[in-house]
Number of protein chains: 2
Amino acid sequence: MVAVAESLKPATLTIADRVFDQVRQAIVQGEIPPGSKISEPVLAARYGISRGPLREALRRLESTNLVERRPNLGARVISLSNDQLLEIYVIREALEGMAARLAAERMTEDAIADLQRLLSQHRSEVERTDWQTYFQQEGDLDFHFQIVQGSGNQRLIDILCNDLYHLARMYRCQFGMKSDRAAVALKEHQLVADAIAERDGELAEWLMRRHIRTSRRAIERRLQR
Amino acid sequence: MVAVAESLKPATLTIADRVFDQVRQAIVQGEIPPGSKISEPVLAARYGISRGPLREALRRLESTNLVERRPNLGARVISLSNDQLLEIYVIREALEGMAARLAAERMTEDAIADLQRLLSQHRSEVERTDWQTYFQQEGDLDFHFQIVQGSGNQRLIDILCNDLYHLARMYRCQFGMKSDRAAVALKEHQLVADAIAERDGELAEWLMRRHIRTSRRAIERRLQR
DNA sequence: CCCCCCAAATATGTCGACACTTTCTCTTGA
DNA sequence: TCAAGAGAAAGTGTCGACATATTTGGGGGG
């Protein structure tokens, strides 16, 4: 259901790759709670592998900022402080704003049609209030994901999809955040998509930045309570 | 002379840490040419260590985007294509623009004074045309570095300082780019610094983005020739 | 009763060896 | 002569074991 595409996988899958995915999923879904220490022997035993590939996986998790490793002290699942979460939104504002601008300039007509289709699908989902929260949460990421893809800037895609989005999802699982601004967010999404469809890069960037800034402030308010 | 500060080092230094720094320096300075294959046994022998820590170092180099690793095929030093170099400048435009905005809002008066001092030092250096190119190159990074630090956004600092700046430096070493726009760049720097000193975040972001965009276009022109 | 110090236990860092994959080379056949 | 295939060589992936650092627990002293 979630269209967070892994960039093209290598033909042969190494053990470290497989364990990396498994542990990442376990962390993002909160199975391994944030802040908890990760014991290499324990995890290696759980997955039935040696410590070598496990360390490789942990190292990759560190590079995606899901775990922290300190020499001779081991690895811990990161627990995002409120400030760190807000920091991520600031970066997303900058990067996704740029992504929206580039998407308006370079996205293919087909991709724009897909984007509009995704939005109309979201619209119908939002009307069914029961599924609202779940679909809006994942659907929100899908929308941002498609625009980032449309930017055509591979490094931009990597930074956002491999690092920041996983963090955002982990945080949502962690705090069970229900969005009560699904309808509002959907309207903002529509405005961005329209600007892209009209090839107005400057406006698309401005709208996307305002959208993310609004989301950040909503979270900020929620955290202060 | 180069103030690219490593974020606070752990007390104990592991072998993998040391080799990571050494290999990174070798790559950035072009000692290990871009695109060349990295043989684990060879490098391990050169540094007198086992393949374990070396692989850890290679993994960290991969996470900083200085080497590419593919399963069962080994590691290669990345060789930036022209497009990839330009992609980095697009991301820098977005991120450093935001950094300048934040710096204008949050930088301490002392830090701003340091920034102005750095610029006046650059001014005197630019007048001595012989050292111009070298100092301008490194000084340029120092200037950007100080502003990014002033943003106070730790993740922003990490992304720029640990990844993108090293790539930019490698590319400069690789192509031996001499900047013939040192004087112009210096003026642009001064404008950004002034906007920060006046706490005008919006202007600071606009000026920084224009500055980086101008640099990108200068490179673009140079590459097409 | 609390604090400090020392030792055992546990975990991480490092190493060497083995297995499997990839690549190169040489042979064989058309 | 060239192409295809088999075998060898080199390299990466994985494993188990040892060395070193950290943590934990207990004992002694204040």
Side-chain angles (χ1 to χ4, degrees), chain A residues 6-24 26-27 31-79, chain B residues 6-24 26-27 31-79:
Chain A
E6 306 301 327
S7 36
L8 46 97
K9 283 283 181 187
T12 59
L13 204 56
T14 177
I15 292 182
D17 286 324
R18 180 173 54 80
V19 173
F20 168 71
D21 282 335
Q22 290 176 332
V23 178
R24 177 172 64 178
I27 290 177
E31 196 173 320
I32 304 177
S36 64
K37 187 172 183 327
I38 293 180
S39 168
E40 292 181 3
V42 172
L43 260 198
R46 174 187 301 185
Y47 290 102
I49 61 172
S50 173
R51 277 179 50 214
L54 181 75
R55 285 170 66 89
E56 165 98 17
L58 289 181
R59 180 64 196 83
R60 294 179 59 180
L61 286 171
E62 183 189 17
S63 81
T64 62
N65 290 296
L66 282 175
V67 307
E68 287 174 334
R69 287 183 66 200
R70 296 175 62 180
N72 296 314
L73 293 183
R76 308 187 79 88
V77 181
I78 65 152
S79 68
Chain B
E6 306 302 327
S7 37
L8 44 97
K9 283 282 183 185
T12 59
L13 205 57
T14 179
I15 292 182
D17 286 324
R18 181 173 53 81
V19 173
F20 168 70
D21 282 334
Q22 290 177 334
V23 178
R24 176 172 64 177
I27 291 176
E31 195 173 320
I32 304 177
S36 64
K37 187 172 183 327
I38 293 180
S39 167
E40 292 181 4
V42 172
L43 260 198
R46 175 189 299 185
Y47 291 103
I49 62 174
S50 173
R51 277 179 52 213
L54 181 76
R55 283 171 66 89
E56 167 94 15
L58 289 181
R59 271 171 262 163
R60 295 181 58 180
L61 287 171
E62 182 188 18
S63 80
T64 62
N65 291 295
L66 281 175
V67 309
E68 287 173 334
R69 288 183 63 200
R70 297 175 60 181
N72 294 316
L73 292 183
R76 306 188 81 88
V77 181
I78 65 151
S79 69

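By convention in this document, chain letters (A, B, ...) are assigned in the order of the sequence lines, proteins followed by strands, and residues within each chain are numbered from 1. Just so it is clear, the values below take in all heavy atoms, side chains as well, and ignore hydrogens, waters and symmetry mates. Keep in mind that what you see is a predicted model, and the values were worked out from it rather than measured.
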Write down the distance between [atom1] ([X]) and [atom2] ([N]), rounded to a whole number of angstrom.
| X | N | atom1 | atom2 | answer |
| --- | --- | --- | --- | --- |
| Tyr47(A) | dT14(D) | OH | C1' | 18 Å |
| Arg70(A) | dT23(D) | CZ | C1' | 15 Å |
| Asn72(B) | dA19(C) | CG | P | 17 Å |
| Leu54(B) | dT14(C) | CG | P | 11 Å |
| Asp17(A) | dG13(D) | CG | P | 9 Å |
| Leu43(A) | dC15(D) | CG | P | 14 Å |
| Ile15(B) | dT12(C) | CD1 | C1' | 13 Å |
| Arg76(B) | dT12(D) | CZ | P | 11 Å |

> Distance check: side-chain N/O of Thr14(A) vs OP1/OP2 of dT12(D), anything under 4.0 Å?
Replying inline: no
> Does the side chain of Lys37(B) get closer than 4.0 angstrom to OP1 or OP2 of dT12(D) through an N or O atom?
Replying inline: yes
Nearest of [options] to any side-chain atom of [X]?
| X | options | value |
| --- | --- | --- |
| Ser39(A) | dC15(D), dA11(C), dT21(C) | dA11(C) |
| Pro53(A) | dC15(D), dC15(C), dA21(D) | dC15(D) |
| Ile49(B) | dC15(C), dT12(D), dA11(C) | dC15(C) |
| Glu40(A) | dG13(C), dT23(D), dG13(D) | dG13(C) |
| Pro41(A) | dG13(D), dT12(C), dT14(C) | dT12(C) |
| Ala16(B) | dA21(D), dT14(C), dT12(D) | dT14(C) |
| Arg51(A) | dT22(D), dC15(D), dT12(C) | dT12(C) |
| Arg55(B) | dT14(D), dT22(C), dT14(C) | dT14(D) |

> Does Glu68(A) pair with Arg76(A) as a salt bridge, N-O distance under 4.0 Å?
Replying inline: no
> How long is the span from the CD atom in Glu56(A) to the CZ atom in Arg51(A), to the nearest 0.5 Å?
Replying inline: 14.0 Å
>> Nearest 0.5 Å, please: how far is CD1 in Ile78(B) from CZ in Arg69(B)?
In response: 15.0 Å
> Contact class for Gly74(B) (heavy atom, under 4.0 Å): base, sugar-phosphate, or nothing?
Replying inline: sugar-phosphate
>> Once you apply a heavy-atom cut-off of 4.0 Å, does Ile38(B) come out as touching a base, just sugar-phosphate, or nothing?
In response: sugar-phosphate
> Under 4.5 Å between any side-chain heavy atoms of Phe20(B) and Thr64(B), yes or no?
Replying inline: yes
> Can you tell me if CZ on Arg18(A) sees more than 12 non-hydrogen neighbours from other groups inside 6.0 Å?
Replying inline: yes
